[in-house]
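These figures come from a predicted structure and were not determined experimentally. Note: hydrogens, waters and symmetry copies are ignored here, and every other heavy atom, side chains too, is used. Below, read A as the first sequence line, B as the second, and so on, with proteins coming before strands; counting in each chain starts at 1.
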There are 2 protein chains.
Amino acid sequence: MLNDPLYIQIIRDIQGKIDTGQYPSDTFIPSESELQDIYMVSRTTVRRAISELINAGYLTIVKGVGTKVMPSRLITTPKELISFTQLMRNQGMRPDARMLAIERVKATPDLQKTLEYPGELIEIARLRTADDTPISINTSYLPSDLLVKHDPTIFRTRVSLYEVLEKDFNIKVAVTEDTYSAINANASQAKLLSIRKGDPLLMIERTAFNQKNRPIEYSIIFLRADRYRHTITLRAN
Amino acid sequence: MLNDPLYIQIIRDIQGKIDTGQYPSDTFIPSESELQDIYMVSRTTVRRAISELINAGYLTIVKGVGTKVMPSRLITTPKELISFTQLMRNQGMRPDARMLAIERVKATPDLQKTLEYPGELIEIARLRTADDTPISINTSYLPSDLLVKHDPTIFRTRVSLYEVLEKDFNIKVAVTEDTYSAINANASQAKLLSIRKGDPLLMIERTAFNQKNRPIEYSIIFLRADRYRHTITLRAN
DNA sequence: AAGTGGTCTAGACCACTTA
DNA sequence: AAGTGGTCTAGACCACTTG
């Protein structure tokens, strides 16, 4: 923490002051030259920190006037990539998962193309719950060459698949492409999710990429529309 | 253009070289010191330009090695805010809209709260089509005090509501909050969209804000799930 | 060892807002 | 006129990757 770059430390400090209300919503934070004095750094470093906080949606600049704290409504939903475990935790729910299957499977032509990998895949199917209510059926496919370090059963040890990838396999998801659609539940989906056949499901297909732009996961998620809504905040360029 | 800041001109130039293939996908662009010589600017200015291109998804940095052009797959789906007109054009379709209603309405309590406006609203309901196939029913509510400059019928003159707001009212959308859900079509929705009652619809509720964080539009959109998929690319922080 | 990007400084001049 | 952020320069030292 103490060895982190100065601008990171400044970001953390300002973020903390926003969160604790020392810099309330819609008020101006100290000017850049004041921040230079506070943190004893150059203006470039102050501006670097402010620039990232603007990018993250915490601050906004009014030309010729000053730098203002964004209304918290717009702070709380960052446009960052987020895992479903995190999403549910953010909504104050206790996420869990029941493993339906962990198997080695052959890739279909579509999956081969999407994952750019001709070999075997690991299929992980899970029923996700929040506060013990079934929320979604989540089926992931991962190239097996990425997962040689441990037995696939390691995915039983944690609720978040992305946490297993990061902590046990050192694989970090950098980019996702999410496609939203809607379908009617079929009989088996309805049974698993405790709803009726024909009820609406939000369907999300996600392809995840690592830092080197290699596809590392394709997943298809069926979410109960009555229990779950997915919100995303976007900013114009 | 010539009076634009240097870093903007550099961004445009590099973007152009990526688009025309002079800097092909997955190859390294010149190093920062080479770019200093090319553009005759300081390293700070070069880095400013590169930083924004990384943010926009065009470039990626490999530590200690160089700066690489992102694969075009990941460039083509920017995470920017985008209008539905643009979205359909991007998919190679010809978007159009049939006006269903332009009316002054009283705000429901929910709408009053969402739009933070107690007065009358302008309701604009439209059937959106792509290549003459009905795609979505789009109902927007806007505070009437924003629209005094012209008669509301001006919304008939353009296909894109956001274009009318920007060009005729000088109102720019800066941030949107989109919530995704799914429902089954009711009888009237099914009729308008040429589908059957009970067929799945993707529902998107959007609240749009201007640069000053004032809510300027609430819209609810019902999309035919069989004809339309909505893709978003997200990056980790 | 050489080259790359990562961080940081100390200045400068400008356009914009407010009084 | 004074204060704000917007842009830019010319240096410096560092950590990381590769030959």
Undergrad: Could you tell me how far apart I8(B) (CD1) and dG6(D) (C1') are, to the nearest whole angstrom?
TA: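 These atoms are roughly 11 Å apart.
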Undergrad: Can you tell which of dG6(C), dG5(D), dC8(D) lies closest to the side chain of Y7(B)?
TA: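 Comparing dG6(C), dG5(D), dC8(D) against the side chain of Y7(B), the answer is dC8(D).
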Undergrad: Please report the distance, rounded to the nearest Å, between CD in E32(A) and C1' in dG6(D).
TA: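 Taking atom C1' of dG6(D) as the reference, CD of E32(A) is at 9 Å.
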Undergrad: What is the distance, rounded to the nearest whole Å, between atom CD1 of I29(B) and atom P of dT4(C)?
TA: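 My rounded result for the distance is 12 Å.
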Undergrad: V41(A) near the nucleic acid: base, sugar-phosphate alone, or nothing, with a heavy-atom cut-off under 4.0 Å?
TA: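 V41(A): backbone/sugar contact only, no base atoms under 4.0 Å.
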Undergrad: Measuring from F28(B):CZ to T60(B):OG1, what's the distance to the nearest 0.5 Å?
TA: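 That separation rounds to 9.5 Å.
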Undergrad: So, the side chain of T27(B) versus the backbone of Y23(B): is there a donor-acceptor pair under 3.5 Å, distance only?
TA: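 Absent.
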Undergrad: Extract the stems that DNA chain C is part of, considering only consecutive pairing runs of at least three Watson-Crick or G-U wobble pairs, both distances under 3.5 Å.
TA: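 C:1-18 with D:1-18 - these are the stems of 3 or more pairs that involve DNA chain C.
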Undergrad: Take E34(B) and R48(A), find for each the nucleotide of DNA chain C with the closest heavy atom, and name the residue whose nucleotide sits nearer the 5' end.
TA: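 Nearest nucleotide further toward 5': that of E34(B).
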Undergrad: Would you kindly give the OH-to-C1' distance between Y39(B) and dA10(D), to the nearest whole Å?
TA: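 For the pair Y39(B) OH and dA10(D) C1', the rounded distance is 21 Å.
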Undergrad: Can you check salt bridge (charged side-chain N to carboxylate O under 4.0 Å, His left out) on R214(A) and D26(B), steps first, answer last?
TA: CA-CA 12 Å; R214(A) 174 173 174 191; D26(B) 254 311; over 6 Å; no
Undergrad: To the side chain of V65(A), which of dT18(C), dT7(C), dT7(D) is closest?
TA: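 Of the options given, the side chain of V65(A) lies nearest dT18(C).
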Undergrad: Quickly work out the L59(B) CG to dT4(C) P distance and round it to whole Å.
TA: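 In whole Å, dT4(C) P lies 16 Å from L59(B) CG.
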Undergrad: Using atom types as modelled and distance alone, determine if a side-chain donor or acceptor of T67(A) lies under 3.5 Å from a backbone N or O of I61(A).
TA: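 No: the side chain of T67(A) does not pair with the backbone of I61(A).
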Undergrad: Counting heavy atoms from C-beta on, name the nucleotide in dG5(D), dA12(D), dT4(C) closest to the side chain of R43(B).
TA: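 Side chain of R43(B) sits closest to dA12(D).
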Undergrad: Any side-chain donor-acceptor pair under 3.5 Å between Y58(A) and E52(A)?
TA: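 Their side chains do not contain a donor-acceptor pair, so the 3.5 Å distance test is not met.
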Undergrad: If you assign each of T44(A) and G64(A) to its closest nucleotide in DNA chain C, which residue comes earlier from the 5' end?
TA: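 Per heavy-atom nearest nucleotide, the more 5' residue is T44(A).
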Undergrad: Select one nucleotide: of dT9(C), dT7(D), dG6(D), the one nearest the side-chain heavy atoms of S42(A).
TA: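 Taking heavy atoms from C-beta onward, the closest nucleotide is dT9(C).
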Undergrad: Taking CD1 from I54(B) and P from dG5(C), how many angstroms apart are they, rounded to a whole number?
TA: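 It works out to 10 Å between those atoms.
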Undergrad: Is the shortest distance from a Lys or Arg side-chain nitrogen in R206(A) or E217(A) to a carboxylate oxygen in the other one below 4.0 Å?
TA: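 Between E217(A) and R206(A) there is no salt bridge, as every charged N stays at least 4.0 Å from the carboxylate O atoms.
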Undergrad: It should be established whether T67(A) places a side-chain nitrogen or oxygen under 4.0 Å from OP1 or OP2 of nucleotide dG5(D).
TA: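 So the side-chain polar atoms of T67(A) do come within 4.0 Å of the phosphate oxygens OP1 or OP2 of dG5(D), strictly under.
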Undergrad: Of the options dT4(C), dG6(C), dC16(C), whose atoms approach the side-chain atoms of K63(A) most closely?
TA: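 Looking only at side-chain atoms, K63(A) lies closest to dC16(C).
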Undergrad: How about Y218(A) and E205(A): does a side-chain donor come under 3.5 Å of a side-chain acceptor?
TA: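 Y218(A) vs E205(A): donor-acceptor pair found between side chains.
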Undergrad: Counting only side-chain heavy atoms from C-beta out, which of dC8(D), dG6(D), dT4(C) sits nearest to S31(B)?
TA: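 Nearest to the side-chain atoms of S31(B), counting from C-beta on, is dT4(C).
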Undergrad: Could you check which of dT9(D), dG5(D), dG6(C) has an atom nearest any side-chain atom of R47(A)?
TA: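 Closest nucleotide among those given: dG5(D).
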Undergrad: To the closest 0.5 Å, what do you measure between CD1 (I10(A)) and CD1 (I50(A))?
TA: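 One finds 9.0 Å between CD1 of I10(A) and CD1 of I50(A).
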Undergrad: Can you tell me which nucleotide in dT4(C), dG6(D), dC8(C) comes closest to the side chain of I61(A)?
TA: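 Minimum distance to the I61(A) side chain belongs to dG6(D).
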Undergrad: Base, sugar-phosphate, or nothing for L6(B), non-hydrogen atoms under 4.0 angstrom?
TA: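 Contact class for L6(B): sugar-phosphate only.
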